[in-house]
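As structure tokens, the structure follows; a few thoughts come after it.
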Protein chains: 2
Amino acid sequence: MRADDWVRARSAGVNPTQLAILRLLDGRGPGWTVKELSLQLGVSQPTVTDSILALERKALIEKQADPADGRAVRIVIISAGRAVVRAGEETAGAVDRAASALDDDDQEQLLVQLVSVIRQLQEQGAIPIQRMCVSCRYFRPYAHADAAQPHHCNFVDAAFGQQDLRIDCRDHETADPSVRAATWGAFQKDHHPPGE
Amino acid sequence: MRADDWVRARSAGVNPTQLAILRLLDGRGPGWTVKELSLQLGVSQPTVTDSILALERKALIEKQADPADGRAVRIVIISAGRAVVRAGEETAGAVDRAASALDDDDQEQLLVQLVSVIRQLQEQGAIPIQRMCVSCRYFRPYAHADAAQPHHCNFVDAAFGQQDLRIDCRDHETADPSVRAATWGAFQKDHHPPGE
DNA sequence: GACGATAAATAGGAATCCTATCTAAATAGG
DNA sequence: CCTATTTAGATAGGATTCCTATTTATCGTC
């Protein structure tokens, strides 16, 4: 797993932590603060400062003064950094290739079960990252009658199916805890109807 | 994931890599060579030397001269090291707790699918051989008619069920590639009978 | 305007990881 | 039998991640 991270990242000239930061930065215009990144990644604030310095040396990101807070710094990705993220994505990881060897039903089951396990980890507080549909304020499970595409994403305003559930969506915005609980309930109930 | 590794390892006074080495050493009498460890862990040989030195400083392992090869060193775990492994195991990781929130059928499905993905990674050469039943020379899939305990382990000479498939068995011994392929075929065929 | 809280940087240190190189022992060939 | 290659580990040197503790500057608040 770690080895896979390295293969993906190495091919783009950065290491896994740096690639993770770039992926977070990508797709959020206003940028992130150091604090936000450290919370999202689950590492200490000085560690993020270290990696930010490394990325700055490689000219993949920029630091901008926060107009609203003189202490804060807004980290934004620049075009070279975006290119690295694209390159990293094209080098589809070995895990992806391995998973695609499963048949479609198994892939869908695996995805749903992983979502379940990851959600549990998040609710336990064991991992900080929240980028899955089931914790997103745009997610509406089973909003449609169509069995092939029962879910709805209010961000792109489109229906989608179980097999397209996201684990790491760049447009994710965390919903309030009570909303999350309700969303999860609806997702679970209709996915595991009583009597199945 | 990495954070979880740290929690487990930290509680025992070692870090994840060191714990991984101890877990490998545990349960193999004759010990391992540095080379074998580096292959199994997927890191370079000097990295293993580093970690071995750290573990030796902590008096958790011992280096012994190999009687058959004057260049080689046999790394063996000593009692303090075994205690560390036990402690690490008791601190059940967050992932285990999260997975146990799934119902039994889902857990079994998840296990089987993970076995499948991991095996694929191994055959691709993306990760070193892991100590799973399906690559072990003692494993006989579907050797019994009993649907609850169809598999057989020749090491302990006992039948067991799908839900007890091992992902990291300490008694694992890698089977030859042709045997592995045949075992996997039998495991797959009976697990996914034609027409299911 | 002083005071506690907060954002980030800095200092110092430990550990993982790498590539390249070195030493010593095993093995192969003439 | 003696050299040449290969192989097992250890060393050297360097980059990076990651930590805790501390410092500096700024923000809010009383």
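Quick note on labels: first sequence line is chain A, next is B, and so on, each numbered from 1.
Residue A/Ser44 places none of its side-chain N or O atoms closer than 4.0 Å to OP1 or OP2 of D/dC18. Checking the phosphate oxygens (OP1, OP2) of C/dA14, no side-chain nitrogen or oxygen of B/Lys58 falls inside 4.0 Å.
The side chain of A/Val43 lies closest to D/dC19 when the candidates are C/dA8, D/dC19, C/dC18. Counting only heavy atoms from C-beta on, A/Asp50 has its side chain closest to D/dC18 among C/dT10, D/dG9, D/dC18. With distances taken from any side-chain atom of A/Thr47 to the nucleotides C/dA8, D/dG9, D/dC18, the minimum falls on D/dC18. Closest to the side chain of B/Ala72, out of D/dT17, D/dG9, C/dT16, is D/dG9. Of the candidate nucleotides C/dA9, D/dT17, D/dG9, D/dT17 has the atom lying nearest to any side-chain atom of A/Thr17.
The salt bridge (charged side-chain N to carboxylate O under 4.0 Å, His left out) search around A/Asp171 returns none, not counting sequence neighbours.
Using a 4.0 Å heavy-atom distance criterion, B/Arg74 is classed as making no nucleic acid contact.
Applying the side-chain hydrogen bond (donor to acceptor under 3.5 Å, both in side chains) test between B/His151 and each of B/Arg140, B/Gln162, B/His144 identifies B/Gln162 as the sole match.
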Assess whether side chain to side chain contact (heavy atoms under 4.5 Å, CB included) is satisfied between A/Lys58 and A/Gln18, documenting all intermediate values.
CA-CA 11 Å; A/Lys58 295 177 186 170; A/Gln18 291 176 7; 2.7 Å; yes
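At a cut-off of 3.5 angstrom, the base of D/dA10 holds at least one donor-acceptor pair with the side chain of B/Gln45.
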Fill in the dot-bracket string of DNA chain C, one character per base: . for unpaired, | for a pair to another strand, ( ) or [ ] for pairs within the strand, taking Watson-Crick or G-U pairs under 3.5 Å.
||||||||||||||||||||||||||||||
Would you mind building the protein contact string for nucleotides 24-30 of chain D? One character per nucleotide, 5' to 3', B for base within reach (heavy atoms under 4.0 Å), S for sugar-phosphate only, - for untouched.
-BBS---
